[in-house]
Amino acid sequence: MNSYEMTNMIIDDESYGEEHVTVELTFEQQNYIITFKKSDLELVNAWVVVEGDKTLPTSLSEDIMDSLKGNIKKI
């Protein structure tokens with residue numbers, strides 16, 4: 001069972017000449033926005049949402065990231 005909930009996923013086919021996957025998720029009552037390269041799911045950036053609509057750079061554990069990538073591959 002995942003300790004996070006994916007709330008939204010956007011597959012962007014035209015971002016800077018590369019395809020990206022952006023996932024919004026909730027983990028430990030915090031909202032995150034994570035972007036990966038679609039081709040190999042390499043991390044592009046990770047943000048935590050604070051104060052409603054502001055974001056700050058963040059990182060999540062390797063276990064969470066691996067689980068998230070596995071779920072993206074299933075879609």
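- Side-chain heavy atoms closer than 4.5 Å link hydrophobic residues (I, L, V, M, F, W, Y) into clusters, and following such links, possibly through other members, connects Ile72 to Leu43.
- In the hydrophobic clustering of this structure, Ile75 does not group with Ile10; members are Ile, Leu, Val, Met, Phe, Trp, Tyr whose side-chain heavy atoms approach within less than 4.5 Å, directly or through other members.
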Determine, step by step, whether Ile11 and Glu19 satisfy the side chain to side chain contact (heavy atoms under 4.5 Å, CB included) criterion, reporting the C-alpha distance in whole Å, the side-chain angles of both residues, the deciding distance to 0.1 Å, and the verdict. CA-CA 7 Å; Ile11 299 174; Glu19 296 178 327; 5.7 Å; no
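- By the criterion of side-chain heavy atoms lying less than 4.5 angstrom apart, applied directly or through intervening Ile, Leu, Val, Met, Phe, Trp or Tyr residues, Val44 is not grouped with Leu41; the two fall into different hydrophobic clusters.
- Side-chain contact between Asp12 and Thr22 is absent, with no heavy-atom pair separated by less than 4.5 Å.
- Between Glu18 and Lys37, the closest side-chain pair of non-hydrogen atoms falls below 4.5 Å.
- Partners of Thr26 by side-chain hydrogen bond (donor to acceptor under 3.5 Å, both in side chains), not counting sequence neighbours, listed by chain and number: Asn31.
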Just distance, no hydrogens or angles: give the donor-acceptor pairs under 3.5 Å from side chains in residues 45-63, sequence neighbours left out.
residue: Asn45; atom: OD1; partner: Thr35; partner atom: OG1; Å: 3.4
residue: Asn45; atom: OD1; partner: Trp47; partner atom: NE1; Å: 3.2
residue: Glu51; atom: OE1; partner: Lys54; partner atom: NZ; Å: 3.2
residue: Ser61; atom: OG; partner: Ile64; partner atom: N; Å: 3.2

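- Residue Met65 is grouped with residue Phe27 when hydrophobic side chains (ILVMFWY) are merged at heavy-atom distances under 4.5 angstrom, including chains of intermediate members.
- Put simply, the side chain of Lys69 reaches to within 4.5 Å of the side chain of Phe36, judged on heavy atoms.
- For Tyr4 (side chain) and Leu68 (main-chain N/O), a donor-acceptor pair under 3.5 Å exists by modelled atom type.
- When the side-chain contact (heavy atoms from CB on, under 4.5 Å) test is applied to Glu28, no partner is found at least two apart in sequence or on another chain.
- Residues Ile33 and Met9 do not share a hydrophobic cluster, clusters being chains of Ile/Leu/Val/Met/Phe/Trp/Tyr side chains in contact below 4.5 Å.
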